[in-house]
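Here is the structure we will look at, set down as structure tokens.
None of these values were measured; they are calculated from a predicted model. Residue numbering restarts at 1 for every chain, and letters A, B, ... go by the order of the sequence lines.
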Amino acid sequence: MATDLTQEFCALRDTYIEKQFGRLNDMQRQAVFTTDGPLLILAGAGSGKTTVLVNRIANLIRFGSAHGSRQTPRPATEDDVKALRNAIMTGTAVPGWLDGMLRQNAVRSWNVMAITFTNKAAGELKERLRRMLGGEEGDEVFASTFHSTCVRILRRWAEEIGYPRSFTIYDTDDSQRVMKAVYKDLNVDDKFLPIKAAINQMSRWKDQLVSPEQALASPAKDTKGALTARIYAAYEKRLKEAGAFDFDDLIYQTVQLLAEHPDVREFYQNKYRYLLVDEYQDTSVAQFRLVSLLTGPERNICVVGDDDQSIYRFRGATIENILNFEKLYPGTKTIRLEQNYRSTSNILNAANCVIQHNTERKGKTLWTDNGEGDKVQVYTAENEQDEASHIADVIGQHLKAGGHLADHAILYRMNAQSAPIESYFTRAGIPHKIVGGQRFNDRKEVKDIHSYMSIVANPRDDVRLRRIINEPARKIGATTVEVIADLAGQEGVSMLDIISHADQYAKLSRAVMPLLKFWQIYQRLQDSLETRTLDEFAADVIELTGYKAMLEADAAKGHEDAADRLQNLGQLVNNVKNYCDQHGEEATLEGYLEDIALISDIDSYNESADQVVLMTIHSAKGLEFPYVFLIGMEEGVFPSEMSKYSEADLEEERRLAYVGITRAKKELYISNSVSRMLYGRTQRNEPSRFLREIEPEYIEETRSPVLEQRSRFGGWGDSYSDTVPGGASGYSGPSGWGRSASGYGNGYSAGSRSGYLNREYNAGESRGFGSAYANRGSSGGHGSGYGRSGGSTGYGAGYGSQYGSGNYSGAAQKKTEKHISFTGTPAQKPASAGPKHYEPGDIVEHKVFGRGQVVAVKPAAGDQIVEINFEKVGIKKTMANFAPLTKITAEE
DNA sequence: TAGAACCCCCTTTTT
DNA sequence: GGGGGTTCTA
């Protein structure tokens, strides 16, 4: 009888638990309820991967392996059954006394470890766990990145492998400095073997767990290989002497530690009984090994990944890890998540089209029931300014329709591409944020101060000591530094040790005074660290080292960036203070330095600020945005020049394209430019092959009107105008922005795929056109010139109106109207030419922000800074001559 | 030794 | 196009 009750209870318990995860689809729920043993989840883009991770952890902690289990902690009673049934029917929580009956082998939250790739992903995981499980339990789950996890382990056990606990973490810049020193030691010419190449090879070795000894022992393919192995060994020696790890070492050395010290390994295996690994497709051999070393005999290891989103092969990630997983863990359960909840089907189909061209994949087709949505908009720009302007147009239209800046992301292949967009947006006053690129912490002055701070934490760190010993200048020259280094080498002590009693060395006699003075400063810093708070210490570093005085002197001399640098240092102190506020009692110098070493820009990216966000596709992995602009879709840019000659590299580029496309939720805008200035040279690029791979039915193409014009005058070969439906102009309003031929857009592409993507662009000169174009911004007279192109109805009118400060009205002014036809009239004459001038009280129309009133005007370097109160978005500042502004002269 | 001019190099993606 | 390193000069 009791057994029957228990059986019934178990069945009800399944129902109850399933209800707790009722919002998941079948596959997701399967993943959640597979609590024990090895589990591989192949999760397509937007398939709710994080949701599954969070729910799976929540299930482990709340119910353990209860679901599907036919056991209960004690035999069930009739009251149990009744209460549970009631809870299910009413949808309320079970009474407290019943709670224990719902758990079977429930896991304590501190027994769970989740490893992610970025801090942001880790943070998001924690945040969602906190929301789902409540503060305490959520916080107790260990969720962290590979690198942070290793740092944490090493902080505890570093001495076991001969490193100090207060080790320093070297970034790429530090690595390069070490490498330069090694080159000098070994007399290597960096023309023969570029430093970058050596660092790369060394990094691959560490990714593959090849030790310096193994590298030296393995038969070298050529002299360079053998040399690189020697360099690797020398580099490692230096790092060990300095008590430092570089990024790769963090993983590599942790693996060594765990592999060689069973006691340490067992400690972690006992502590973390359930492991989850995110972004599994991007793990290296070393990371894979790390994970398997952490996995205990129970083999409760769950990895989540998507082979199609593997974009870090260049950095040692290997897709093999996904295949090897099933081999290393026989009996692995594999679950595929293929339903996409993020994007419209047009976007998803475009993504599928592209990725299908890859051969090296497990095969997976995403689907969605989100509806078709708009087609993917493909825009061909004339140049990168035109591309920027077009994006601004689209964003402007969205804002007018009630959209938000923060819903827009601009994604690109490489950081350099952000510059033209950035400069356009800045001048136009469009709030935006660039993620990545040069990080705050990479600035020279910031790194210098951090170097001071880290030699206080780790006196052995000669690399950072060298960096700042004469910064600001204190008469300790290169010769002196080399003497110190030699002495330190001879005596087997750190350079700082030598400096501390510099007066005992004859060789240093000439530099004794400055050196002892430096030693004094160092001691005062040590003292400051002990007696003051961390942010006060940071301020002391800036002050006592003379850094502040140096910058102030520079500023007084008129060095323009000195003031900026001072400001940055102020910001640095703020950052330290924030760190202290966040960590309270646990704030330490080491902790702070660790944070700045491991935390990237993307982690501090704040979605709540209403700004357009610009970042590389790599940085955007794992993120999503309603509107995505994928720019620079050109051969030589994306796919990048370097990848063209290797099929494997091309496939990685394609996966990157796939990642980019699948970031978009509602609308995707892809653009390519016929000409682009890159690295100070103007290139003409063909549209990317990835564009051609998308089936025409999912996209809608538009070309910059300037290009249209060009082909009409015969400058570009074939008669593109044939494909233009008569009379459709797509004119979209007076934008007034000098450089851009904005908004002509959609009319031109209506109905036909022009096939221009396949066309060869011969470098035809735009004769007779260029001059008109060049003048457009300032002189008004060109309007009629364009209008001349008789058949292109409305075109001339469109252009003229850009400068027709407001004397243009009616239907044409509504940007939303796409197919207004102008009947062959000549262009309107612009009302005025020359620089624009504004006064408080003027009513203006901004291409992006809409209408507003000028509240203040400040002169600035031949231009004006105009402060405008916009009806929709409030007060913004813009540059008068650059912003896409039109003065509305006549009140309507 | 320090400052300034110049030259040269680079530019794929990141923890 | 621009930053950083090197070299030259004071």
Side-chain angles (χ1 to χ4, degrees), chain A residues 115-122 144-151 169-173 175-177 180 190-191 194-196 199-200 203 206-207 245-252 279 282-284 286-287 310-317 384 411-420 423 435-439 441-444 470-481 510-511 514 550 554 557 559 561 594-603 615-621 632 636-644 649 652-653 655-657 659-660 677-683:
Chain A
I115 304 181
T116 63
F117 220 70
T118 63
N119 295 293
K120 189 170 169 62
S144 181
T145 64
F146 272 104
H147 290 86
S148 303
T149 305
C150 290
V151 169
I169 302 167
Y170 278 0
D171 61 19
T172 42
D173 180 70
S175 290
Q176 280 188 16
R177 281 167 187 268
K180 273 182 194 153
D190 69 345
K191 292 267 180 349
I195 287 190
K196 264 195 151 172
I199 289 185
N200 253 325
S203 183
K206 290 183 191 173
D207 284 337
F245 297 109
D246 66 19
F247 287 135
D248 300 316
D249 282 336
L250 291 176
I251 314 284
Y252 175 84
E279 305 283 13
D282 287 329
T283 52
S284 64
Q287 285 164 330
S310 164
I311 55 175
Y312 285 103
R313 202 184 69 103
F314 74 95
R315 204 177 72 188
E384 66 271 24
L411 309 182
Y412 34 81
R413 177 67 181 83
M414 50 186 172
N415 280 308
Q417 287 172 261
S418 67
S423 101
V435 175
Q438 219 214 356
R439 304 182 311 166
N441 291 329
D442 287 341
R443 292 166 196 275
K444 182 186 181 321
N470 204 31
E471 192 74 40
R474 43 174 80 93
K475 299 201 187 306
I476 304 175
T479 340
T480 308
V481 173
R510 273 172 57 197
M550 172 184 74
D554 282 356
K557 269 188 260 169
H559 278 249
D561 51 352
E594 192 175 302
D595 264 23
I596 56 166
L598 296 180
I599 289 182
S600 73
D601 224 26
I602 184 78
D603 304 316
M615 63 176 94
T616 63
I617 302 170
H618 280 89
S619 298
K621 192 182 69 167
V637 176
F638 195 10
S640 88
E641 195 64 33
M642 338 283 277
S643 66
K644 274 192 170 168
D649 287 350
E652 175 134 315
E653 295 283 306
R655 290 193 293 270
L656 193 56
V659 169
M677 165 114 86
L678 219 51
Y679 318 131
R681 238 198 312 255
T682 303
Q683 304 174 351

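Rounded to whole Å, atom C1' of C/dG3 lies 13 Å from atom CZ of A/Arg443. One can place NZ of A/Lys621 at 10 Å from C1' of B/dT14, the figure rounded to the nearest angstrom. In this structure, CD of A/Gln417 is placed 17 Å from P of C/dG2, rounded to the nearest angstrom. Between A/His618 atom NE2 and B/dT15 atom P there is a gap of 10 Å when expressed in whole angstrom units. Between the CG atom of A/Leu656 and the C1' atom of B/dT14 there is a distance of 12 Å, rounded to whole Å. Atom CG in A/Asp595 sits roughly 14 Å away from atom C1' in B/dT15 (whole-Å rounding). Straight-line distance from the CG atom of A/Asp207 to the C1' atom of B/dT14: 12 Å, rounded to whole Å. Residue A/Arg474 contributes atom CZ, which lies 11 Å from atom P of B/dA2 at whole-angstrom precision.
When distances run from any side-chain atom of A/Arg315 to the nucleotides B/dT15, B/dT13, B/dT1, the shortest one goes to B/dT15. Listed candidates were B/dT15, C/dG5, B/dA2. Nearest to the side chain of A/Asn470 is B/dA2. The A/Thr616 side chain lies nearest to B/dT13 when the options are C/dG1, B/dT15, B/dT13. Taking every side-chain heavy atom of A/Lys180 into account, C/dG5 is the closest of B/dT15, C/dG5, B/dT13. When each of C/dG1, B/dA2, B/dT1 is scored by its nearest atom to the side-chain atoms of A/Thr479, the top-ranked nucleotide is B/dT1.
Using a 4.0 Å heavy-atom cutoff across all strands shown, A/Tyr312 reaches sugar-phosphate atoms only and no base atom. Using a 4.0 Å heavy-atom distance criterion, A/Asn200 is classed as making no nucleic acid contact.
For A/Met677, the side-chain contact (heavy atoms from CB on, under 4.5 Å) test picks out A/Glu384, A/Thr682, with sequence neighbours left out. Legend: residues meeting side-chain hydrogen bond (donor to acceptor under 3.5 Å, both in side chains) with A/Asp246, ordered by chain and number and at least two apart, are A/Lys206, A/Tyr235. By the ring-ring contact (aromatic ring centres under 6.0 Å, His included) test, A/Phe245 is found to be paired with A/Tyr163, A/Phe167, residues two or more places apart in sequence or in another chain being considered. Not a single side-chain hydrogen bond (donor to acceptor under 3.5 Å, both in side chains) links A/Arg315 to another residue, sequence neighbours left out. Listed by chain and residue number, A/Arg155 satisfy the side-chain hydrogen bond (donor to acceptor under 3.5 Å, both in side chains) test with A/Glu594 (two or more places apart in sequence, or in another chain). Residues satisfying the ring-ring contact (aromatic ring centres under 6.0 Å, His included) test with A/Tyr170, not counting sequence neighbours, are none. With sequence neighbours left out, the side-chain hydrogen bond (donor to acceptor under 3.5 Å, both in side chains) criterion links A/Ser310 to no other residue.
For the side chain to side chain contact (heavy atoms under 4.5 Å, CB included) with A/Asp248, the qualifying choice from A/Ser203, A/Ser175, A/Ser284 is A/Ser203, the only one to do so.
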Pairs under 3.5 angstrom, nitrogen or oxygen only, protein versus nucleotides 7-10 of chain C, please.
none

Under 3.5 Å between N/O atoms: give me all the protein pairs with nucleotides 7-11 of chain B, atom names plus distance.
| from | atom 1 | to | atom 2 | distance (Å) |
| --- | --- | --- | --- | --- |
| B/dT11 | OP1 | A/Lys196 | NZ | 3.2 |
| B/dT11 | OP2 | A/Lys196 | NZ | 2.7 |

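Within the 4.5 Å cutoff, the side chain of A/Met642 has no heavy atoms near those of the A/Asp649 side chain.
Judged by ring centres under 5.5 Å apart and planes tilted less than 30 degrees, A/Phe314 stacks against the six-membered base ring of B/dT13.
The residue among A/Asp248 and A/Thr480 whose nearest nucleotide of DNA chain B lies closer to the 5′ end is A/Thr480. The nearest heavy atom of DNA chain B to A/Arg510 and to A/Ile311 marks one nucleotide each, and the one closer to the 5' end goes with A/Arg510.
Judged by the 6.0 Å distance and 45° axis criteria, A/Lys621 is positioned over the aromatic ring of A/Phe117.
Between B/dT14 and A/Ser619, a contact under 4.0 Å exists linking OP1 or OP2 to a side-chain N or O.
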